[in-house]
K.L.:
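Have a look at this one before I ask anything.
Sequence positions, counted from 1, serve as the residue numbers for this chain. Everything quoted here is computed from the prediction, not taken from an experiment.
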Amino acid sequence: MKRPNNSLLGFSLLVCALITILVPSQFISDGIGKYEYGYPFTNITIYQIEPNNNWFGTNFFAGNDGLHINLLNIGLNIIVIYLLTYFIVSKYKNRKEIR
């Protein structure tokens, strides 16, 4: 089995962190309200009684009523983004070699 490309792995880790921090969430109210962060799988859920702010930094550092960090989904997000970038880079290299 081939070893993973460390630069692409670092890039996918950075993209996952930036998606979590920079993409705002919507307040979902089903009993206690929650904000869900992460794409394509939700990796951090912040629980709050009243809507506060859509941004991750404000909700995480300004106080909340609960926090759930799903490590499995963080790993899955990294794998999905790594595979997408690996596919794009390999297609780009193949196209460049053909010319």
Side-chain angles (χ1 to χ4, degrees):
M1 186 169 164
K2 285 178 76 174
R3 295 184 61 187
N5 186 339
N6 287 337
S7 61
L8 287 180
L9 195 60
F11 175 75
S12 62
L13 182 64
L14 179 67
V15 168
C16 284
L18 288 176
I19 286 173
T20 300
I21 293 171
L22 297 178
V23 176
S25 177
Q26 294 292 328
F27 187 73
I28 303 166
S29 180
D30 51 352
I32 188 169
K34 61 184 175 180
Y35 291 96
E36 295 179 337
Y37 299 96
Y39 185 80
F41 304 107
T42 301
N43 52 19
I44 296 177
T45 305
I46 297 176
Y47 297 98
Q48 293 187 347
I49 295 173
E50 305 253 341
N52 185 11
N53 196 337
N54 293 342
W55 296 99
F56 175 76
T58 305
N59 286 334
F60 188 78
F61 294 112
N64 52 56
D65 295 319
L67 176 69
H68 178 251
I69 299 174
N70 192 339
L71 295 176
L72 178 64
N73 284 352
I74 292 172
L76 288 175
N77 285 344
I78 292 170
I79 290 171
V80 167
I81 292 174
Y82 174 81
L83 292 175
L84 286 173
T85 55
Y86 182 80
F87 177 74
I88 291 169
V89 167
S90 66
K91 289 295 181 185
Y92 178 74
K93 284 183 179 179
N94 287 342
R95 176 177 270 180
K96 196 172 183 181
E97 289 174 0
I98 292 173
R99 290 182 181 179

K.L.:
Could you grab the distance from atom CD of Q48 to atom CD1 of I28, nearest 0.5 Å is fine?
P.N.:
12.5 Å
K.L.:
Please check this pair: side chain of N77 against backbone of F41, looking for a donor-acceptor N/O pair closer than 3.5 Å.
P.N.:
yes
K.L.:
Working to the nearest 0.5 Å, report the span between CZ of F11 and CG of N6.
P.N.:
15.0 Å
K.L.:
For the hydrophobic clusters of this structure (ILVMFWY residues joined by side-chain heavy atoms under 4.5 Å, transitively), does one cluster hold both I88 and L8?
P.N.:
no
K.L.:
Between atom CD1 of I79 and atom CG of N73, what is the distance when rounded to the nearest 0.5 Å?
P.N.:
11.0 Å
K.L.:
In terms of heavy-atom contacts, does CG of L67 have more than 12 from other residues, nucleotides or ligands at under 6.0 Å?
P.N.:
yes
K.L.:
Out of curiosity, I44 CD1 to F60 CZ, how far, rounded to the nearest 0.5 Å?
P.N.:
6.5 Å
K.L.:
Give me the atom names and distance for the closest heavy-atom approach of W55 to L22.
P.N.:
CZ3-O, 3.0 Å
K.L.:
Above 12 or not: heavy atoms from other molecules or residues under 6.0 Å from CZ of F27?
P.N.:
yes
K.L.:
I need the S25 OG to N53 CG distance, nearest 0.5 Å.
P.N.:
10.5 Å
K.L.:
Backbone N or O of E36 within a donor-acceptor pair of the T45 side chain at under 3.5 Å?
P.N.:
no
K.L.:
Step through the shown structure and confirm whether more than 12 heavy atoms of other residues, nucleotides or ligands are within 6.0 Å of OH on Y39.
P.N.:
no
K.L.:
Are I78 and L71 co-members of a hydrophobic cluster defined by side-chain heavy atoms under 4.5 Å apart?
P.N.:
yes
K.L.:
For N59 and Y37, does a side-chain donor sit closer than 3.5 Å to a side-chain acceptor?
P.N.:
yes
K.L.:
First locate atom NZ of K34, then atom CG of D65, and finally report the distance between them rounded to the nearest 0.5 Å.
P.N.:
14.5 Å
K.L.:
May I have the step-by-step check of side chain to side chain contact (heavy atoms under 4.5 Å, CB included) for N43 and I69, ending in yes or no?
P.N.:
CA-CA 6 Å; N43 52 19; I69 299 174; over 6 Å; no
K.L.:
Give the cluster check for I19 versus V80: same hydrophobic cluster or not, with ILVMFWY residues linked at side-chain heavy-atom distances below 4.5 Å.
P.N.:
no
K.L.:
I74, L14: one ILVMFWY side-chain cluster at the under-4.5 Å cut-off?
P.N.:
yes
K.L.:
Sub-3.5 Å donor-acceptor pair from the side chain of T20 to the main-chain atoms of C16, do we have one?
P.N.:
yes
K.L.:
Could you tell me if the side chain of P51 sits less than 4.5 Å from the side chain of Y35, heavy atoms only?
P.N.:
yes
K.L.:
Examine L18 and Y82 and state if one hydrophobic cluster contains both, with Ile, Leu, Val, Met, Phe, Trp and Tyr joined whenever side-chain heavy atoms are less than 4.5 Å apart.
P.N.:
yes
